[in-house]
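Taking it in order: structure first as structure tokens, then the write-up.
Letters A, B, ... are given to chains in the order of the sequence lines, protein chains preceding strands, and every chain is numbered from 1. Scope of the values below: all heavy atoms of this structure, side chains included, with no hydrogens, waters or symmetry mates.
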Amino acid sequence: MTPGQRIRRAGRRLLALGLAAAVLAACSGEPDVHHRRMLVFGTMVDISLYGLPDDRAEPLLAEMEAHLRQRHDAWHAWEDSALTRFNEQLRKEGRARIHGPLRPLFDQGLPLARRTGYRFDPGIGALARAWGFHGDLSGEAQPPSDAFLRDWRAHPHSAADLERDGDMVTTDTRDMRLDFGAVAKGIALAEVHEQLAATEVDAGIVNAGGDLVTIRQPGQRRWRIGIRHPEAEGVVGTLSVDADEAVFTSGDYERRFEHEGNRYHHILDPDTGRPARGLRAVTVIHEDPALADAAATALMVAGPDDWRRVAAELELDHVLVITPQQRVRATPAMARRLDPDREADMTFETVELP
Amino acid sequence: MTRVDIAILVLAMAGTATLYMALWQPGGSAARYATVRVEDETVLRIDLRRDGVHAVEGPLGTTRIQVSEGRVRVTDSPGRRRICVRDGWLDRPGAATVCLPNRVVVAIPGTTETELDGITW
């Protein structure tokens with residue numbers, strides 16, 4: 001072999017090495033994912049979209065953000081909004097007209113309330129307000145007086161007492177304020193899902209402060225969603241979530257305050273007028289985010305004795321509850337989705353629905 | 001073995017070492033920087049390899065942030081419940097905490113294949 005041949009052979013080897021290095025470098029590249037975080041609906045909303053070029057993803061993310069902000073502004077239960085103006089009119093005149101952006105709230109929220117047996121009840125705005133949950137809980141929050149709660153239990157407000165005729169809503173209940181907080185996020189995520197599913201995005205996930213919806217799936221695998229531990233760091237387990245499903249959790253650790261050594265959380269039982277008792281958290285998977293949202297609240301209110309019956313009435317398959325006794329109880333379909341975290345200090349059991 | 005062969009071997013080893021240093025991260029998930037947003041505006045990008053303390057101003061006052069050993073945490077923020085302070089250290093891509101009263105979000109960008117796609121609560 002002449003020196004010239006050796007050099008050419010060396011050159012070819014270097015070229016091959018260079019190509020191999022280029023391939024390796026390509027492997028390390030970031031996946032084609034676009035994120036956007038925004039503060040809306042009183043929480044952090046995080047949208048991730050996979051497989052779109054920059055010039056398509058960024059405008060789409062901006063559009064979704066604008067949509068969520070518009071819903072937030074229209075549906076807010078205590079700051080000036082289309083809903084609070086509706087409430088003012090309803091309180092003054094006993095009747096008010098549903099218009100524009102309020103339609104999805106009423107069209108979906110009222111039937112869902114009925115389906116949950118009014119365990120999720122948009123009629124309890126005045127109660128939530130009396131508890132201080134219509135605020136940032138930064139002041140000296142405290143429970144309403146015993147007299148107020150006695151009066152509430154004697155004459156509870158309920159959306160069941162609304163009459164709807166077309167767009168006109170009337171009620172005989174004095175001082176009724178509607179608060180769709182337990183379903184607003186679900187309805188908004190359903191809308192965002194519908195819009196994103198109509199695009200060419202490969203996959204996506206919208207996580208609104210622990211309640212989320214998936215769009216398609218990431219490649220061949222399923223989505224992996226952790227369930228936060230009610231008090232410790234980390235998760236109690238990981239759920240396998242399919243394309244176009246919603247995962248909603250209601251927990252007693254979300255919005256709450258302490259008063260004289262007692263903790264009070266924001267999921268109020270319309271019957272007792274007090275925070276629901278007996279379950280720490282409920283997680284529901286369903287293809288309809290609005291139903292998943294309302295159901296998570298309704299099952300918290302139903303409590304340890306009734307949640308299975310109510311879940312069956314709502315025809316839910318995938319439900320998981322966490323009890324104060326550190327038990328994770330899952331329906332059979334949910335148990336198949338769950339990979340428990342064995343370090344979570346929880347007992348796991350499967351329970352059938354009636 | 002000729003001198004050219006030795007040269008190629010040396011080059012190959014150097015190339016591998018360079019790639020290793022450039023691309024290898026422990027567990028593929030070492031966080032290198034964190035972002036701090038106030039009112040949806042990124043106001044700070046913090047190098048997590050440099051220990052130190054940072055402060056950002058939100059509508060209610062000052063949120064204080066500490067970086068140590070590649071991790072970041074909020075040490076003080078206005079608000080009664082101070083959830084972001086209680087969240088403690090963030091050290092993995094995708095981790096984030098939000099000081100909602102003061103509209104501050106501290107986040108380590110990115111996710112990794114082995115991590116979760118999200119958390120429900």
Surrounding [atom1] of [X] (heavy atoms of other residues, nucleotides or ligands, distance under 6.0 Å), is the total greater than 12?
X: Arg86(B); atom1: CZ; answer: yes
X: Glu39(B); atom1: CD; answer: yes
X: Glu343(A); atom1: CD; answer: no
X: Glu41(B); atom1: CD; answer: no

Can a donor-acceptor pair be found, under 3.5 Å and without considering hydrogens, that links the side chain of Arg37(A) to the backbone of Val105(B)?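 Here the side-chain-to-backbone pair does not exist.
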Using non-hydrogen atoms and a 4.5 Å limit, figure out which bit of [X] sits close to chain B: side chain, backbone, both or neither.
X: Arg280(A); result: neither
X: Phe248(A); result: backbone
X: Met44(A); result: side chain

Can you list every salt bridge (charged side-chain N to carboxylate O under 4.0 Å, His left out) pair that touches residues 54-64 of chain B, not counting sequence neighbours?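 Found none.
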Are side-chain heavy atoms of Leu39(A) and Arg103(B) found at a separation under 4.5 Å?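 In short, these two side chains touch, coming nearer than 4.5 Å.
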Do Phe257(A) and Arg80(B) have side chains that approach each other closer than 4.5 Å (heavy atoms only, starting at C-beta)?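 When only atoms from C-beta onward are counted, Arg80(B) and Phe257(A) do touch, with a gap below 4.5 Å.
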By side-chain hydrogen bond (donor to acceptor under 3.5 Å, both in side chains), which residues pair with Arg81(B), not counting sequence neighbours?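 None.
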Rounded to the nearest 0.5 Å, what's the gap from OG1 on Thr238(A) to CD1 on Ile119(B)? Could you check?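 So the OG1 of Thr238(A) and the CD1 of Ile119(B) are separated by 8.5 Å.
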Let me confirm one number: the CG-CG distance from Leu239(A) to Asp117(B), rounded to the nearest 0.5 Å.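 So the gap between those two atoms works out to 11.5 Å.
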Below 4.5 Å, heavy-atom pairs only: which of Val235(A), Thr43(A), Ile227(A), Thr214(A) has the largest tally toward chain B?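 The option with the most such pairs is Ile227(A).
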List in chain and number order the residues that pass ring pair (Phe, Tyr, Trp, His ring centres under 6.0 Å) with Trp78(A), two or more places apart in sequence or in another chain; answer none if no residue qualifies.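 Listed in chain order: His76(A), His134(A).
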Applying a heavy-atom distance below 4.5 Å, give me the residues of residues 203-212 of chain A that approach chain B, sorted by number.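 Hits under 4.5 Å: Ile205(A), Asn207(A), Gly209(A), Gly210(A), Asp211(A), Leu212(A).
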